[in-house]
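Notes for the one structure printed next.
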Amino acid sequence: MDQFAAALVEASHPGTPPERLRELLTDPALLQRIPESQRFAIAANPGLTEDALRLLSSGSSLRLRQLISLRHDLSEEFLLTLADQGVDVDRLLRARSAGAALWCKAVQVRHQSLPSQNQIFLSRERDLPKEALRLLEQEPDEEVAQSLRWRQESPLEQQIPQIEYSGAVQGRASGTDNEDRCATFHNQTVGLFVVADGLSGAAHTGHIAAEKSCQTLMEELAKVHGPLHAQDFFHHSFYKAFHEIARSVHHSHDFSQYFHGHWFDTNGVAASVAALLLQGRCATIAHIGDCRVYLQRGGQLVALTRDHNLLWYAAKSGQSLPSGVMANAHKILVRVLGYDGVGATPTLTRVEVRSGDRLLLASDGVHGTLSEQKLSEIVQNHSVRDAVRQLMKASQQAGGTDDLEAVVVAVL
């Protein structure tokens, strides 16, 4: 074993004294020769000092810096450095040393794909210092303002009205794997209804994203005992679902053992999700992507959600799209449950339901094939179970080639 190999073994051993680790990692020649996979093992050594971690993170991949960010003993100064280096700020805020400076840094950091996403995410965080709150209050985004208002509300526990519901998924006619999922639940004080359309990445595992979305929402609801704050519930559940998706699809064995349930890369796998939480007569809708929620009332069908596509983004950001992309702008999604944790923040909408209302949750395989007039006719003129069956049948007859899923909820 040469001197370099021996030094690597010593640096990755948990029993190595901190001063020896620092000595090894301050050797420029040694540091440059350490391969990425070995750096993960060294970074996981609990005896590594912060000075050594700084050296180790210099010039390393974002994934390694994300692993380093999971340590609980980092100073706020180092956390700020990691934030400047592109580490997910929302993860850094979980550190014990995170103070007002890091929160203000988080508010000022802009999300790469959609400038307001970071602010929306932070506006739903409960432990928000006053300094960061003041910065967010100056943010003109409507979702941020809504989130700040809703943060002040008390959890709700009221008996829900009598309801009937039904849901189903059906694979596309081509016979490929069905990547859509749905889930339903209700008791005396809460109802939760979810549709999730899996989007495959490089590994063609979109069904995992859909399954984890539905499963995580249902599991988190089962943990709630007593009054429930809808915004907190969706904020936490969607963020956790992102990490569950990433953990389930990742195949890199170089560093998977070190992440302990916190993951940062979904390998291109994602899901479009729409969820309806019913508390009393208050229905809170959380959606991300192009799964939709409709309200059928008084003979009219109204869309309660707007697809997170390129057209939506252009309108939200005040930008005009080139004529060459307009034809397909409705197909290009800019927000889905996947790719990063901050981007897992859903848009939230509320509606007060009345007796006679019907709510339809549908994937784009259904609403992208049938007109709103046809959707309205089916939802209004059939029992909830027959309505779901007719939606599947009509979508296939209309030539739909995508997976199909729908949930219909009737308020009696």
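Not measured: the values here are computed from a predicted model.
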Output every pair passing salt bridge (charged side-chain N to carboxylate O under 4.0 Å, His left out) with a member in residues 342-353, not counting sequence neighbours, ordered by first then second residue.
Glu153-Arg350
Pairwise distance CD(Glu139) to OG(Ser147) - rounded to 0.5 angstrom
11.0 Å
For Ala344 versus Phe242, what's the shortest heavy-atom pair and its separation?
CB-CB, 4.0 Å
Quick one: does Val293's side chain get under 4.5 Å of Val351's, heavy atoms only?
no
Nearest 0.5 Å, what's the CG-OG distance between Leu404 and Ser363?
6.0 Å
Quick one: are Asp364 and Asp402 in side-chain contact, heavy atoms under 4.5 Å?
yes
Distance-only, no hydrogens or angles: does the Arg292 side chain make a donor-acceptor pair with backbone N or O of Leu304 under 3.5 Å?
no
Identify each donor-acceptor pair in which a side-chain atom of residues 405-412 lies under 3.5 Å from a protein atom, sequence neighbours left out, and give them as a table.
residue, atom, partner, partner atom, Å
Glu405, OE1, Ala196, N, 3.3
Glu405, OE2, Ala196, N, 3.2
Glu405, OE2, Asp197, N, 3.4

Take atom CD in Glu137; do more than 12 heavy atoms of anything else shown fall under 6.0 Å from it?
yes
Asp84/Lys105 salt bridge by N-O under 4.0 Å criterion
yes
Just jot down the side chain to side chain contact (heavy atoms under 4.5 Å, CB included) partners of Glu143, sequence neighbours excluded, or say none.
Ile120, Arg124, Asp141, Trp312, Lys316, Arg335, Thr347
Glu220: what forms a side chain to side chain contact (heavy atoms under 4.5 Å, CB included) with it, not counting sequence neighbours?
Thr216, Lys223, Phe233, His236, Ser237, Lys240
Any side-chain heavy atom of His330 sitting closer than 4.5 Å to one from Asp307?
no
Given 3.5 Å as the limit, does a donor-acceptor pair link the side chain of Arg181 with the main chain of Cys214, or not?
no
On a heavy-atom basis, which atom in Gly167 and which in Val388 lie closest, and how many Å separate them?
C-CG1, 4.2 Å
Scan for salt bridge (charged side-chain N to carboxylate O under 4.0 Å, His left out) pairs involving residues 156-166, sequence neighbours excluded, and state none if there are none.
none
Where do Glu76 and Ala100 come nearest, in terms of heavy atoms and distance?
OE2-N, 4.0 Å
Would you call Thr266 and Lys212 a side-chain contact if the rule is heavy atoms closer than 4.5 Å?
no
Going through the checks in order, is the side chain to side chain contact (heavy atoms under 4.5 Å, CB included) test met by Val334 and Asn309?
CA-CA 5 Å; Val334 297; Asn309 55 28; over 6 Å; no
Flag the pair Phe78 / Arg54 as yes when at least one side-chain heavy-atom distance between them is below 4.5 Å, and no otherwise.
yes
Shortest non-hydrogen separation from Ser213 to Ala209 and the atoms involved
OG-O, 2.7 Å
Would you say the side chain of Arg149 lies within less than 4.5 Å of the side chain of Gln146, judging by non-hydrogen atoms?
yes
For the pair Val190 and Phe185, evaluate side chain to side chain contact (heavy atoms under 4.5 Å, CB included) and give the outcome as yes or no after the intermediate values.
CA-CA 8 Å; Val190 67; Phe185 170 84; 4.2 Å; yes
Taking the side chain as everything from C-beta on, heavy atoms only, tell me whether Leu391 gets closer than 4.5 Å to Leu360.
yes
Please determine whether side chain to side chain contact (heavy atoms under 4.5 Å, CB included) holds for the pair Leu135 and Cys104, giving the CA-CA distance in whole Å, both sets of side-chain angles, and the decisive distance to 0.1 Å.
CA-CA 8 Å; Leu135 288 172; Cys104 290; 4.0 Å; yes
Interatomic distance, OG@Ser69 vs CD@Gln85, rounded to 0.5 Å, equals 11.0 Å
With sequence neighbours left out, the residues meeting salt bridge (Lys or Arg N to Asp or Glu O under 4.0 Å) with Arg96 are none
Side-chain atoms of residues 278-290: list all donor-acceptor pairs with protein atoms under 3.5 Å, sequence neighbours left out, distances to 0.1 Å.
residue, atom, partner, partner atom, Å
Gln279, NE2, Leu156, O, 3.3
Gln279, NE2, Leu228, O, 2.9
His287, NE2, Arg306, O, 2.8
Asp290, OD1, Ser272, OG, 3.0

Minimum-distance pair of heavy atoms, taken over all atoms of Val169 and Cys182
CG1-N, 3.8 Å
Under the rule for side chain to side chain contact (heavy atoms under 4.5 Å, CB included), what residues qualify as partners of Gln373, not counting sequence neighbours?
Ser371, Glu377
Residues forming a side chain to side chain contact (heavy atoms under 4.5 Å, CB included) with Lys393, sequence neighbours excluded:
Gln390, Gln397
Show me the pairs that pass ring pair (Phe, Tyr, Trp, His ring centres under 6.0 Å) and involve residues 117-147, at least two apart or across chains.
Phe121-His235, Phe121-Tyr239
Can you check salt bridge (charged side-chain N to carboxylate O under 4.0 Å, His left out) on Arg247 and Glu244, steps first, answer last?
CA-CA 5 Å; Arg247 183 184 62 81; Glu244 288 298 315; 3.0 Å; yes
Count the heavy atoms belonging to other residues, nucleotides or ligands that lie under 6.0 Å from CG of Asp127, then report whether that count exceeds 12.
no
Are more than 12 heavy atoms, taken from residues, nucleotides or ligands other than Glu142, located less than 6.0 Å from that residue's CD atom?
no
Under the rule for ring-ring contact (aromatic ring centres under 6.0 Å, His included), what residues qualify as partners of Tyr165, not counting sequence neighbours?
His186, Phe193
What pairs meet the salt bridge (charged side-chain N to carboxylate O under 4.0 Å, His left out) rule with one or both residues in residues 294-303, with sequence neighbours excluded?
Arg297-Asp357
Value rounded to 0.5 Å, distance of CG in Leu136 from CG in Asn118
8.5 Å
With a 4.5 Å limit on heavy-atom distance, are the side chains of Ile332 and Tyr313 in contact?
no
Least distance between heavy atoms, Leu79 atom then Ala98 atom:
CD1-N, 4.2 Å
Taken to the nearest 0.5 Å, the spacing of Thr81 OG1 from Glu50 CD works out to 8.5 Å
Working note: Gln117 + Thr345, criterion side chain to side chain contact (heavy atoms under 4.5 Å, CB included); need CA distance, chi angles, decisive distance, verdict.
CA-CA 7 Å; Gln117 265 310 97; Thr345 306; 3.5 Å; yes
When rounded to the nearest 0.5 angstrom, what is the spacing between CG in Leu62 and CG in Leu82?
10.0 Å
